[in-house]
Asker: 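Before we start, here is the structure in question, set down as structure tokens.
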Amino acid sequence: MERVLARDVASHVGQEVLVQGWLHKKRLLGGLNFIVVRDRSGLTQIVVDKDEEVEKLRGMQVGTVMSVQGKVVEEQRAPGGAELHGPVITVEVPVTDEPPVEIDKPLSHKPENLDTLFDNRHIGLRSPQEQKVFKIRAALLRRIRDFLYKNDFTEINTPKLLAGATEGGAEVFKTDYFGKEATLAQSPQLYKQMMVGAFERVFEIAPAFRAEPSATTRHMSEVYMLDIEMGFIKGHEEVLDMVQDLTYDAVTSVYKEFADELKSLQAPELVLKEKFPRYTVAQVHELYTKATGTDTTNEKDLIPDEERWICEHAKKEQGCEAVFVTNFPKEAMKFYHKLADDGTVLWADLLFRGLEIATCPMRENRHEVLVEQMKAAGLDPDHPGYKYFLEAMRYGLPAHGGCGYGIDRLVEKTIGLGNVKEAALFPRDINRLAP
RNA sequence: GGGCUCGUAGUGUAGCGGUUAACACGCCUCCCUGUCACGGAGGAGAUCGCCGGUUCGAUCCCGGUCGGGCCCGCCA
């Protein structure tokens, strides 16, 4: 007999069907017994009446894998309006151990309970409520991919094992590589820029590894980055527009498609405009200092509280909780960034709901200028890690720019989670390497 | 890395310098024909993170250690 999924049961009223899944809930009332079976599409309620069938359930814990054959009956009192009657149960994989967490109700996501949540992640993710987070994550990724394919980007995959730390900034993980030292890629930065010379427009969705000893709600040591790079751009604006449109498209479509799921996850109401407000770093410092009395005008970057504040500000004043912060000061620049005529960096951060989601700079594509910037940053242009990058530059890269975009952070903020780790299936942080 | 804070059955929590450490969920047994957070009766399950100290006595107080959380720094 053909298997029927939970979501299709109601359309088989009157028919004998086979349902397969995991025992999700037992409610044994005596003469009348209910069990709920979970499959990839949802839950099916089954009424078990015969004693011999009820006996098969004795000692079987949540998670028991079973096949159930029964007749679909329309029943207003059943969830979904239909249920199985007269079932014949086959226990495929008996489970007699009590699961470590209860998956038939929402798991605790209170900060102090996240450790338990992640310790039991392999089982906790069986909770339909928990799965919603990752269905939404998958939909955001699908939407982003679709958008970039539509805009003629080529998806690429670059190596994650590298010869040395080249990019500067974040701490890198070192590992043994056949007797030599290798590092794990902290981003595909130099590779994606080199690939502009081949494909003009590229993107990659891949893990990046950060060895920062950061213990915060917004850091992990393995993160999923969306990296975009586009050549022949007219200017920095073109990069910002692309990132803005991509974000708007992904988030608004997910808010439509997953309205019920987002509601049950208590996601905040989306306040977004097609054009995100743009502020310079100096403007944010000024506005923040005026509003809070805390003087940040000498900070080179935004402090975390400014990131939160400016998003709230823009939400109230502009009706949009995503903003770009532009014109970062020269002191914060990296060697491959491009300077504007006014001496600030052609670099913008995308902030959404108080958190930096993406960083979107234009790149310096003039070989001589780049070499000078490397020297100024104390880097050796002859280092093997830069050789190929500089060659790509020398053999012709057009004006280009792109972004590094934190997928985990986007998922976290889209849903309104409190910690970026909740947006990862199996998060990695300073103390967690399992499961 | 710095500051502050927390650690009690499988899970979530309460509690106290002094007899058998409490409650809810889950689990086991029994009762129950419309449950959906089912209900009822009973039961099992905790060397109170670890080490040391103070004390007649420590789960409770102190120190250390390990682990968690929050903020800051670093970073994206």
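Reminder, nothing fancy here: chain letters follow the sequence lines and each chain counts from 1. Please read these numbers as outputs of a predicted model, since none were measured by experiment.
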Asker: Heavy atoms from C-beta onward define the side chain here; which of B:G34, B:G12, B:C75 lies closest to that of A:Asn113?
Answerer: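 Minimum distance to the A:Asn113 side chain belongs to B:G12.
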Asker: Return the nucleotide paired to B:C27: Watson-Crick means purine N1 to pyrimidine N3 with N6-O4 or O6-N4, wobble means G-U with N1-O2 and O6-N3, both under 3.5 Å.
Answerer: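 Its partner is B:G43.
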Asker: Roughly how many Å is it from CG in A:Leu32 to P in B:C38, rounded to a whole number?
Answerer: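 For the pair A:Leu32 CG and B:C38 P, the rounded distance is 14 Å.
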Asker: Within the pair A:Lys25 and B:U35, is there a side-chain N or O less than 4.0 Å away from OP1 or OP2?
Answerer: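 No, A:Lys25 has no side-chain N/O under 4.0 Å of OP1/OP2 on B:U35.
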Asker: Select one nucleotide: of B:G67, B:C28, B:C70, the one nearest the side-chain heavy atoms of A:Asn431.
Answerer: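 The answer is B:G67.
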Asker: Verify the distance criterion only: is there a donor paired with an acceptor across the side chains of A:His285 and A:Glu299 at less than 3.5 Å?
Answerer: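 Their side chains do not contain a donor-acceptor pair, so the 3.5 Å distance test is not met.
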Asker: Please report the distance, rounded to the nearest Å, between CD1 in A:Ile430 and P in B:G67.
Answerer: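 It works out to 10 Å between those atoms.
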Asker: Name the closest nucleotide to the A:Pro79 side chain, picking from B:G73, B:U35, B:U13.
Answerer: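 So the nucleotide nearest the side chain must be B:U35.
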Asker: What is the nucleic acid contact for A:Ala215, judged by heavy atoms within less than 4.0 Å: base, sugar-phosphate only, or nothing?
Answerer: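 Answer is base: heavy atoms of A:Ala215 come under 4.0 Å of a base.
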Asker: Applying side-chain contact (heavy atoms from CB on, under 4.5 Å), can you list everything that pairs with A:His12, at least two apart in sequence or on another chain?
Answerer: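 Scan of A:His12 (side-chain contact (heavy atoms from CB on, under 4.5 Å), adjacent residues dropped) gives A:Val4, A:Asp8, A:Gln15, A:Val17, A:Val72.
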Asker: Suppose we call a contact any N or O donor and acceptor under 3.5 Å apart; does that hold for the side chain of A:Glu83 and the base of B:G34?
Answerer: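 By the distance-only test, yes, there is a pair.
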Asker: Under 3.5 Å, is there a donor on one side chain and an acceptor on the other for A:His109 and A:Glu130?
Answerer: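 There is such a pair between these side chains.
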Asker: How far, in whole Å, is B:U29 from B:U65 if one measures between their P atoms?
Answerer: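 Comparing P positions in B:U65 and B:U29 gives a spacing of 48 Å.
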Asker: Could you give the CG-to-P distance, from A:Asp349 to B:C75, as a whole number of Å?
Answerer: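 Value for this atom pair: 13 Å.
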Asker: Can you tell me if the side-chain N/O atoms of A:Gln61 get under 4.0 Å from OP1 or OP2 in B:C28?
Answerer: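 Yes, within the criterion.
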Asker: Using the C1' atom on both, measure B:A9 against B:C70 and round to a whole Å.
Answerer: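 Between the two C1' atoms, the distance is 27 Å.
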Asker: For the side chain of A:Arg308, counting heavy atoms from C-beta on, which of B:C72, B:U35, B:G73 is nearest?
Answerer: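 Among B:C72, B:U35, B:G73, the one nearest the side chain of A:Arg308 is B:C72.
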Asker: Using the C1' atom in both, what is the distance from B:A37 to B:A22, to the nearest Å?
Answerer: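 It works out to 22 Å between them.
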Asker: Between A:Asn33 and B:G34, is there a contact of a side-chain N or O with OP1 or OP2 at under 4.0 Å?
Answerer: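 For B:G34, OP1/OP2 do not have a side-chain N/O of A:Asn33 under 4.0 Å.
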Asker: What is the distance, rounded to the nearest whole Å, between atom NE2 of A:His109 and atom C1' of B:G12?
Answerer: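 One finds 14 Å between C1' of B:G12 and NE2 of A:His109, rounded.
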Asker: Side chain of A:Lys105, heavy atoms from C-beta onward: which of B:U35, B:C72, B:C25 has the nearest atom to it?
Answerer: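 Between B:U35, B:C72, B:C25, the one nearest the side chain of A:Lys105 would be B:C25.
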Asker: Counting Watson-Crick and G-U wobble pairs only, both distances under 3.5 Å, name the nucleotide matched with B:G7, or none.
Answerer: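 B:C66 - that is the nucleotide pairing with B:G7, both distances being under 3.5 Å.
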Asker: In whole angstroms, how far is the C1' atom of B:U5 from the NZ atom of A:Lys110?
Answerer: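 Going from A:Lys110 (NZ) to B:U5 (C1'), I get 15 Å.
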Asker: Would you please say whether a donor-acceptor pair under 3.5 Å links the side chains of A:Tyr255 and A:Thr414?
Answerer: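 A:Tyr255 vs A:Thr414: no donor-acceptor pair found between side chains.
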Asker: Please measure how far the C1' atom in B:A58 lies from the corresponding atom in B:C50, and state the result in whole Å.
Answerer: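 These two C1' atoms come out 15 Å apart once rounded.
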Asker: How long is the line joining CG of A:Leu28 and C1' of B:A41, in whole Å?
Answerer: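 It is 17 Å, rounded to the nearest whole Å.
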Asker: Do the side-chain N or O atoms of A:Arg27 get closer than 4.0 angstrom to the phosphate oxygens (OP1, OP2) of B:C38?
Answerer: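 So the side chain of A:Arg27 is within the cut-off, an N or O lying under 4.0 Å from OP1 or OP2 of B:C38.
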Asker: Nearest heavy atom decides the nucleotide; on that basis, is A:Gly404 or A:Asp429 closer to the 5' end of RNA chain B?
Answerer: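 Residue closer to the 5' terminus by nearest nucleotide: A:Asp429.
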Asker: Counting heavy atoms from C-beta on, name the nucleotide in B:U35, B:G26, B:G73 closest to the side chain of A:Glu98.
Answerer: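 The listed nucleotide nearest to A:Glu98's side chain is B:G26.
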Asker: Using only side-chain N and O atoms of A:Asn419, determine if any of them is under 4.0 Å from OP1 or OP2 of B:G69.
Answerer: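 No, no such contact exists.
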Asker: State, without any angle test, whether A:Thr280 and A:Asn327 hold a side-chain donor-acceptor pair at a distance under 3.5 Å.
Answerer: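 Absent: no donor and acceptor within the cut-off.
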Asker: Determine the Euclidean distance between corresponding C1' atoms of B:U20 and B:A46; express it in Å to zero decimal places.
Answerer: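 Straight-line distance between the two C1' atoms is 13 Å.
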Asker: For a quick test of reading the model: is some side-chain N or O of A:Thr116 closer than 4.0 Å to OP1 or OP2 of B:G68?
Answerer: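 It does not, given that no N or O in the side chain of A:Thr116 lies less than 4.0 Å from OP1 or OP2 of B:G68.
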Asker: Measuring only the P atom in each nucleotide, how far is B:G73 from B:G2? A whole number of Å is fine.
Answerer: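 It works out to 16 Å between them.
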Asker: With a cut-off of 6.0 Å (strictly less than), are more than 12 heavy atoms of other residues, nucleotides or ligands near CZ of A:Phe426?
Answerer: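 Result for CZ/A:Phe426: enclosed.
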Asker: Both distances under 3.5 Å, Watson-Crick or G-U wobble: report the partner of B:G1, or none.
Answerer: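 Base-paired to B:C72.
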Asker: Using whole Å, what does the distance between atom P of nucleotide B:C72 and atom CD of A:Glu307 come to?
Answerer: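 The answer, rounded to whole Å, is 10 Å.
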Asker: Within the 4.0 Å heavy-atom criterion, would you say A:Pro304 contacts the bases, only the backbone, or no part of the nucleic acid?
Answerer: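 Counting heavy atoms under 4.0 Å across all strands, the contact made by A:Pro304 is with sugar-phosphate only.
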Asker: For A:Thr292 and A:Lys290, which I'm curious about, is there any donor-acceptor pair between the side chains at under 3.5 Å?
Answerer: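 Distance-only check fails for A:Thr292 and A:Lys290.
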Asker: So what does A:Pro213 hit on the nucleic acid, given a heavy-atom distance under 4.0 Å: a base, only sugar-phosphate, or nothing?
Answerer: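 Base, at least one base atom sits under 4.0 Å.
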Asker: Sort out the partner of B:U13 for me: Watson-Crick or G-U wobble, both distances under 3.5 Å, none otherwise.
Answerer: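 WC or wobble partner is B:A22.
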Asker: For the base of B:G10, is there a side-chain donor-acceptor partner from A:Glu102 under 3.5 Å away?
Answerer: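 Between B:G10 and A:Glu102, which were checked side chain against base, a qualifying N/O pair under 3.5 Å is present.
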Asker: Look at A:Arg58 and B:U29 and indicate whether a side-chain polar atom (N or O) is within less than 4.0 Å of OP1 or OP2.
Answerer: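 Looking at the OP1 and OP2 atoms of B:U29, one of them is under 4.0 Å from a side-chain N or O of A:Arg58.
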Asker: Under 4.0 Å, heavy atoms only, any strand: does A:Thr217 hit a base, just the sugar-phosphate, or nothing?
Answerer: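 A:Thr217: backbone/sugar contact only, no base atoms under 4.0 Å.
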Asker: Hunt down the Watson-Crick or G-U wobble partner of B:C61, both distances under 3.5 Å, from any strand shown, or write none.
Answerer: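 The base-pairing partner of B:C61, which may sit in any strand shown, is B:G53.
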Asker: Would you measure the distance from the C1' atom in B:A21 across to the matching atom in B:C16 and give it in whole Å?
Answerer: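 Their C1' atoms lie roughly 9 Å apart.
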Asker: Contact class for A:Ala358 (heavy atom, under 4.0 Å): base, sugar-phosphate, or nothing?
Answerer: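 Touches nothing.
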Asker: Nearest whole Å is fine: how far is B:C32 P from A:Asp49 CG?
Answerer: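 Interatomic distance, CG of A:Asp49 to P of B:C32: 16 Å.
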Asker: Is it the case that more than 12 heavy atoms not belonging to A:Glu74 sit under 6.0 Å from its CD atom?
Answerer: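 No, not enclosed.
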Asker: Counting only side-chain heavy atoms from C-beta out, which of B:C72, B:G68, B:C36 sits nearest to A:Asp115?
Answerer: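 Nearest listed nucleotide: B:G68.
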Asker: Which is more 5' along RNA chain B, the nucleotide nearest A:Gly31 or the one nearest A:Ser108? Just name the residue.
Answerer: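 Upstream on the strand: A:Ser108.
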Asker: Determine the Euclidean distance between corresponding C1' atoms of B:A44 and B:G26; express it in Å to zero decimal places.
Answerer: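 To the nearest whole Å, 13 Å.
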Asker: Reckon A:Val36 touches a base, only the sugar-phosphate, or nothing at all at heavy-atom distances under 4.0 Å?
Answerer: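 Answer is nothing: A:Val36 stays at 4.0 Å or more from every strand.
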Asker: For A:Phe134, I'd like to know if atom CZ has over 12 heavy atoms of other residues, nucleotides or ligands within 6.0 Å.
Answerer: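 Atom CZ in A:Phe134 is crowded, with more than 12 foreign heavy atoms closer than 6.0 Å.
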